[in-house]
Amino acid sequence: MKPVIQQFCLVFAVVLGGCGGKIEVYDAPPDLAPPAPAPPSASAPAMPTPEMTWKDLPAGWEEVGGQTGMRFASFAITGDGGKAELAVFPFPGPPNQMGGEKRLVNMWRDQLGLAPVTDQEFEKSSQKIEAGGVEGTMFDINSGEESSGDRIVAAVVWAKGFTWFLKMSGDSALVAAQKPAFVSFLKGLTFGFKMPESMPSPQSGSREGGDRPNWKTPPHWEDLGAGMMQIAKYRASGEGGETEISVSRLGGAAGGIPANVNRWLGQVGKPSVTNADANALAKPIEVPAGSAKNVELSGDSKDMQVIMVSQGDSTWFFKSFGAKAAVEREKAAFVEFVKSVEYN
Amino acid sequence: MIDKFIKLITSLKLTVVCLLCSLVVVFFGTMAQDPLGLYISQERFFHSFFIDWAAMWASVKKTLQMFGVYMTPSTGAQVLQAQWVPVFPGGYLLGSVLLINLIATHFTKFKWTKAKSGIFLTHAGIILLLVGQLFTDMFAKESNLRLEEGQTKNYSIDARKNELAVVKIGENSNRVISIPESKLKVGKVISHPEMPFQLKVTEYWKSSDISGSDAPGYMKVDATQGIGPRVYVKSIPAATAMDARDIPAVVVEVLDSGHGHGTWFSTPSLARRQFHHDHDGNQWEIAFRFKRYYTPYSITLLEAKHDKYKGTEIPRNFSSVVRIEDSVSGENRETKIFMNNPLRYAGKTYYQYQMAAGEMMASRGLKSTSTLQVVQNPSWLAPYLGCGIVGLGLVIQFLIHLVKFAKKRKPA
């Protein structure tokens, strides 16, 4: 019996000892050349590219490097407290597409060697700021003492179809000293986007929508032309503020009611709901073209009314989004407008 | 003495203790994955002979959270830096003892009879499961194949390991001497019979970040050749996230015929900046890079598709159309890889893993890329066979008892 056990233990030890840590030698084919850059393809979707301009740079700031990779701009910041840099990254889509603000904060905390943030600490480290005329969120993450270690002050701004990350990082004392300059730099920004030359201008129609059908609009609605992904856009002004009415068309069920309702809830600043609750929020409404759903959402500062009309293999979205009183004031006119549409 | 030892390793009490300890290890190893990440947990709880105090404490703190006791969670970096103090048997020790216990018991206590054939089969299945897992740990390779649209590659890169590759450039094929990262210790001189020169490690960073300027926290690299004099490096905490990996860096001095030929900086994030050394008319390239696994066939990414539900940002499907070309077998075909539909070829399985395609890439004028996860596990059948054999053994044993019982109940 004993030799069997001894042999087993020996084999086991040899097997375990044999793994890893050895220099390997082998023949390999030469590396294949990387592919040549692709010529612009006519079939590739032409997408807008982000644009950002700024007013005068604060003292001690210098733009370096220009646009590289995913980075839109970089600034070197020097001062008495050491060195820091500001990096600017735009990404298409809203911030929740990047996993939410808390995830971003945890990513930055990780860069400073800090443990993930608790909900309380997250609230504490964030504050609302104004950047380029829109509201953004600023986070201040400090690795340790005020006067030593690294610090990150970053802003997340959702503007013109892109989420902008502006991250100032570096020596704690300098970053703290430059925070007011950073805030005023944010205020002076202008966000935008640039259409590729091959892409039709927004006024010439939408990517998915096609031509406008016949419809009747109230005389006080101001025609704003077409927008990105929108067939038409109107502004209704009056007592109580203004609301923007937009029309767009998407293929199929366009992701379904729950996904769309939750997206709109996010736009009015309300938390997501379950699929069943989202479906319950979409109430049937009579329109000459067939079945339609009406969704009315109330936010803290803005309201939204959306009517979805299924038409053939696509869904039409009519959306009124603006000041609470304005959305309420235009409700009847908005429904009449939707009923007047003669689909092609 | 030997009899006592044999009695100990064949005792049923030992089996029960090992199984109970295994339950504890699985529980705390699973809890530890939240603060420490998958890889550190695996390494500290399952791929080790003993679990150290820091890892166990991180897991205990997470467990206490479930009971409302909150303590600041440990980070992966803290666990990696903590002094190693063993507090509990780890997966390898428990698995080894169980295996020895089971086999030794069979040789000393069990006698083959027809009535016990089910038990024998069940035990054989458990042995197969244990050995299979050991072989998986030792021989399974997990790597990634990242391709741009139109790009062809004949190798994948390991998801965790790095290598200092010393490559002798040939006309039709290269000779690769792959030095594992574990050999890179400051002051160590590395030599190999096929390498006509030596490499001396003068600096090494396990996890690093590099910069082109002396930003806060970055130090100038002490290298005289290549890109080295223009690089600043910072040592950073080890990566713990599932989708992150450490980027190490090294400075080596080439020693040829007893003379130094300069010091060179190399890191996997600059692996294309390999440095060169000529010896006796042969050209050598040296690079610290992600460990590569070459294949005798190549894979080309023809199309990477990231479909979303229309009107939303909700992903519907990620898929890669690839062409596989094998000059040995003559295989040359296109295939589509998407979720739950991997490509299985030559003992490797290619799963759709990551994708950067669609609007984000198009808006930046970049090509779509797709990353395939490549899994090679020679003992992948072992768990299936093991579970099958265990199940069969239990059924047989149950039937034997059932027949015996039924016979007893028959009226005389």
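A, B, ... follow the sequence lines: proteins, then strands. Residue 1 opens every chain. Excluded from the calculations below are hydrogen atoms, water molecules and symmetry mates; all remaining heavy atoms, backbone and side chain alike, are included.
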Colleague: With sequence neighbours excluded, what pairs up with A:Q178 under the side chain to side chain donor-acceptor pair (under 3.5 Å) test?
Modeller: A:W61
Colleague: Quick one: are B:I177 and A:I23 in side-chain contact, heavy atoms under 4.5 Å?
Modeller: yes
Colleague: Quick one: which of B:S173, B:P296, B:S74, B:P73 has the most heavy-atom pairs under 4.5 Å with chain A, could you say?
Modeller: B:S173
Colleague: Tell me whether the count of non-hydrogen atoms from other residues, nucleotides or ligands lying under 6.0 Å of NZ in B:K305 goes above 12.
Modeller: no
Colleague: For B:N174 versus A:P29, what's the shortest heavy-atom pair and its separation?
Modeller: ND2-O, 4.3 Å
Colleague: Please classify the contact of B:E181 with chain A as side chain, backbone, both or neither, using a heavy-atom distance under 4.5 Å.
Modeller: neither
Colleague: Is the number of heavy atoms from other residues, nucleotides or ligands under 6.0 Å of B:K109 NZ greater than 12?
Modeller: yes
Colleague: Can you confirm whether A:E24 sits close enough to B:K291 that some side-chain heavy atom of one is under 4.5 Å from a side-chain heavy atom of the other?
Modeller: yes
Colleague: Specify which of B:I169, B:V176, B:D209 makes the most heavy-atom pairs with chain A at under 4.5 Å.
Modeller: B:V176
Colleague: Tell me if the NZ atom of B:K168 is crowded by more than 12 foreign heavy atoms within 6.0 Å.
Modeller: no
Colleague: Which of the residues B:Q78, B:K161, B:K183 is involved in the greatest number of heavy-atom pairs with chain A at under 4.5 angstrom?
Modeller: B:K183
